[in-house]
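Values in this document were obtained by computation on a predicted structure and should not be read as measured data.
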Amino acid sequence: MSSDLSVPETRVLAIASHVVYGYVGNKMATLVMQSLGCDVAALNTVHFSNHTGYRQFKGTRSTAEEISDLYQGLTQSLLTDFDVMLSGYAPSAAAVEAVGAIGLDLQRKAEAKPGSFFWILDPVMGDQGRLYVNDDVVPAYKKIIHHADLILPNQFEAEVLSGIKITSLSTLAEAITVIHATYSVPHVIITSVQLSKLSRSSSTPATPPNSLTVIGSTTKTDGSPRLFRVDVPALDCFFSGTGDMFAALTVARLREAVFAAGPSLRSTKSWVSPDDVPATELPLAKATVKVLASMHSVLEKTLEARDAELRAAAIEDESAAGLSGEEKEKREYLRRTKAAEVRVVRNVQYLRDPVIEFQAQEWDKADLPARLQ
C-alpha cells in the first residue's frame, strides 16, 4: 500500500495567505495536503499576485470581518465538521483574533469527543531577528496560542514567545519549556535552528555547519518536555513557502502517526502520548521524520531546476542590453526569485513516498537546563 493511503481521511480548515503565482501560504498547503488525501477547505487571509519575496506585489488583505463572515457562512450551512485546523499568516491583530475565535468555536463543537479536533498554529510574526508584522500582532498571538494543540514557531518566533534569547542548546531547551508552561501548549516544533551557531557542552558532538535542525517536544503530564531533534543538510538557496510546506505535511503525517499508535491516543485530548513513550517514539517525532524527508527531496529537485533555469537564462537573454545598471539588477533579482519557486507539483511523489534518511535523536542531558536533568 502506498504511503499516501496510510493517512486517514482528514478534513482540514486551512487559514492562511493566497497567491496567484507560486507556492506559499494556502497555495502550498492546500496542494500538499490534498496530495496526501486530505480534504481541504481553504480560507484565505490575503490575496496577492505573488509572494512578498519579489519585493513587489498587488492584491488585498482580508479584514477580520471578512474572515469571520466566511466562517459564519460555513457554520450556517453545517460545513464545520473539521478534524484539523491549520492556521498561518494573518494580516493584522484583529485578523489573528478572528482566527482564534474560529479555533475556539471548533474546539467547543468537538468537546464531547476528545481528540476529534486538533489545532495546528503557525505563529507567523517574523524571522532572522526581526518582526514583519505590526507590533500589536504579537500580543494577539500570545492571547490565542494557549488554545492551540501544536505550534510551529521558527527560532526568532520562539524567542519572542518565550522571552528567552536562544544562544545555546540549554537556552533552546529552556525556551521550549517556558513555551509549554506559559501557554499550556502540549506540542511544540521549532522549525529551523542552526545548531552550529549555538554554544554547546563539550560532551555533545558537533553538528556540521551546513545543517539545519528541527526541535520538537510533547509534554508529559507534569508539564515537562520530551525533546527530540532531527538534523538535515542545509541547501544553499532561500526558498519561500517552506514553512507552509512543513505545516501542511505535519497535518497529514501527525494524523497518520496518531492513528498508527492505536485508538486510545486518537481519543485523547490533544493527542498527548502516555509518559512512558520516549521522545523519539512520539507521534510528533515520527511525523517530523517523514515531513523532513519529503521536504529535503522536493527542495533538492527545486535547487536542480533552479540552477538549470538560471543557466539557460544566462545563455538566452539578450533583452537586457539597453537597461540601466539598476534595471539589470532588479531584473536579475526577479529572475532568481522566480527560479527558486518550489517545484512541488512536479515532485509530488516525494510528498507521498518520502525517502527516510534523517532520524529523530534523543536530546543529550548535558544540553538541558539543570532543572530538567
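- Residues Ile15 and Ile102 are in side-chain contact: their nearest non-hydrogen atoms beyond the backbone lie under 4.5 Å apart.
- Here the shortest heavy-atom pairing between Thr219 and Val185 reads CG2-O, 4.2 Å.
- Taking hydrophobic clusters as Ile, Leu, Val, Met, Phe, Trp and Tyr residues chained together by side-chain heavy-atom distances below 4.5 Å, Tyr350 shares a cluster with Val251.
- The stretch residues 137-165 participates, sequence neighbours left out, in these salt bridge (Lys or Arg N to Asp or Glu O under 4.0 Å) pairs: Glu159-Lys165.
- A donor-acceptor pair under 3.5 Å is absent between the side-chain atoms of Ser297 and the main chain of Ser294, judged by distance alone.
- By the 4.5 Å heavy-atom criterion applied to side chains, Arg253 and Pro354 are counted as neighbours.
- Taking the charged nitrogens against the carboxylate oxygens, Glu256 and Lys290 do have a contact shorter than 4.0 Å, which makes a salt bridge.
- A pairwise comparison of heavy atoms in Ala293 and Val355 identifies CB-O, 3.4 Å as the closest pair.
- Centroid-to-centroid, the aromatic rings of His51 and Phe48 stay 6.0 Å apart or farther.
- Between Arg226 and Glu362, no side-chain nitrogen of the basic residue sits less than 4.0 Å from a carboxylate oxygen of the acidic one, so the salt-bridge criterion is not met.
- For the atom pair Ile215 CD1 and Thr191 OG1, the distance stands at 10.5 Å (nearest 0.5 Å).
- Ion pairing between Lys330 and Glu327 fails under the 4.0 Å rule for side-chain N and carboxylate O.
- From Glu304, atom CD reaches atom CG of Asn347 across 8.5 Å, with rounding to the nearest 0.5 Å.
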(message) If you apply the rule side chain to side chain contact (heavy atoms under 4.5 Å, CB included), what do you find for Ser87 with Trp119, and how did you get there?
(response) CA-CA 8 Å; Ser87 60; Trp119 180 4; 3.0 Å; yes
(message) Determine whether Ile176 and Leu227 satisfy the following criterion, side chain to side chain contact (heavy atoms under 4.5 Å, CB included), listing intermediate values before the conclusion.
(response) CA-CA 9 Å; Ile176 293 174; Leu227 291 154; 3.6 Å; yes
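- Ion pair Lys328/Glu332 not flagged as a salt bridge, since none of the NZ, NE, NH1 or NH2 atoms sits closer than 4.0 Å to an Asp/Glu carboxylate oxygen.
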(request) Take Arg336 and Leu310 through the test side chain to side chain contact (heavy atoms under 4.5 Å, CB included) and record every step on the way to the result. (result) CA-CA 7 Å; Arg336 296 186 71 84; Leu310 291 176; 3.6 Å; yes
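- Annotation for Leu13 and Leu43: closest pair CD1-CB, 4.3 Å, computed over non-hydrogen atoms.
- Val124 is connected to Val160 through a chain of hydrophobic side-chain contacts under 4.5 Å among Ile, Leu, Val, Met, Phe, Trp and Tyr, so both are in one cluster.
- Panel note: side chain Ser168, backbone Thr171; a donor-acceptor pair is recorded below 3.5 Å.
- Annotation: side chain of Val12 is not in contact with side chain of Phe82 (no heavy-atom distance under 4.5 Å).
- Thr302 and Arg343 share no side-chain donor-acceptor pair at under 3.5 Å.
- Between His187 and Phe118, the gap from one ring centroid to the other is short of 6.0 Å.
- Using a 4.5 Å heavy-atom threshold, the side chains of Leu150 and Leu284 count as touching.
- Smallest separation of non-hydrogen atoms from His180 and Pro225: CD2-CB, 3.9 Å.
- Taking the centre of each ring, Trp363 and Phe228 stay at or above the 6.0 Å mark.
- Taking 4.5 Å as the limit, some side-chain heavy atom of Val214 sits within range of a side-chain heavy atom of Ile189.
- Screening residues 266-277 for salt bridge (Lys or Arg N to Asp or Glu O under 4.0 Å), with sequence neighbours left out, gives no hits.
- A distance of 7.5 Å separates CD of Gln34 from CG of Asp39, quoted to the nearest 0.5 Å.
- Using modelled atom types, no side-chain atom of Thr337 and backbone atom of Tyr54 make a donor-acceptor pair closer than 3.5 Å.
- Between Lys27 and His18, the closest side-chain pair of non-hydrogen atoms falls below 4.5 Å.
- The closest side-chain heavy-atom distance from Glu9 to Asp83 is not below 4.5 Å.
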(request) Given side chain to side chain contact (heavy atoms under 4.5 Å, CB included), test Leu212 with Val193 step by step and report yes or no. (result) CA-CA 6 Å; Leu212 290 175; Val193 181; over 6 Å; no
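- Note on residues 102-118: pairs passing side-chain hydrogen bond (donor to acceptor under 3.5 Å, both in side chains), not counting sequence neighbours, are Tyr71-Asp105, Asp105-Lys109.
- Residue pairs meeting the salt bridge (Lys or Arg N to Asp or Glu O under 4.0 Å) criterion with at least one member in residues 232-245: none, sequence neighbours excluded.
- Between Asp69 atom CG and Leu74 atom CG the span is 11.0 Å, to the nearest 0.5 Å.
- Considering all non-hydrogen atoms of both residues, Ala340 and Arg306 come closest at N-CG, 4.0 Å.
- Listed by first and then second residue, the ring pair (Phe, Tyr, Trp, His ring centres under 6.0 Å) pairs involving residues 83-116 amount to none (not counting sequence neighbours).
- A donor-acceptor pair is defined here as one N or O able to donate and one able to accept, closer than 3.5 Å; such a pair exists between the side chain of Tyr183 and the backbone of Leu161.
- In this structure, the side chain of Asn50 does not engage the main chain of Gly22 through any donor-acceptor pair within 3.5 Å.
- Using a 4.5 Å heavy-atom cutoff, the side chains of Leu265 and Phe259 are not in contact.
- By the ring-ring contact (aromatic ring centres under 6.0 Å, His included) test, His296 is found to be paired with Phe358, residues two or more places apart in sequence or in another chain being considered.
- Using a cut-off of 4.0 Å between Lys/Arg side-chain N and Asp/Glu carboxylate O, Glu309 and Lys338 are scored as salt-bridged.
- Pairing each heavy atom of Thr280 with each of Ala285, the nearest pair is O-CB, 3.8 Å.
- Of the possible donor and acceptor atoms, one in the side chain of Asn154 sits under 3.5 Å from a partner among the backbone N and O of Phe156.
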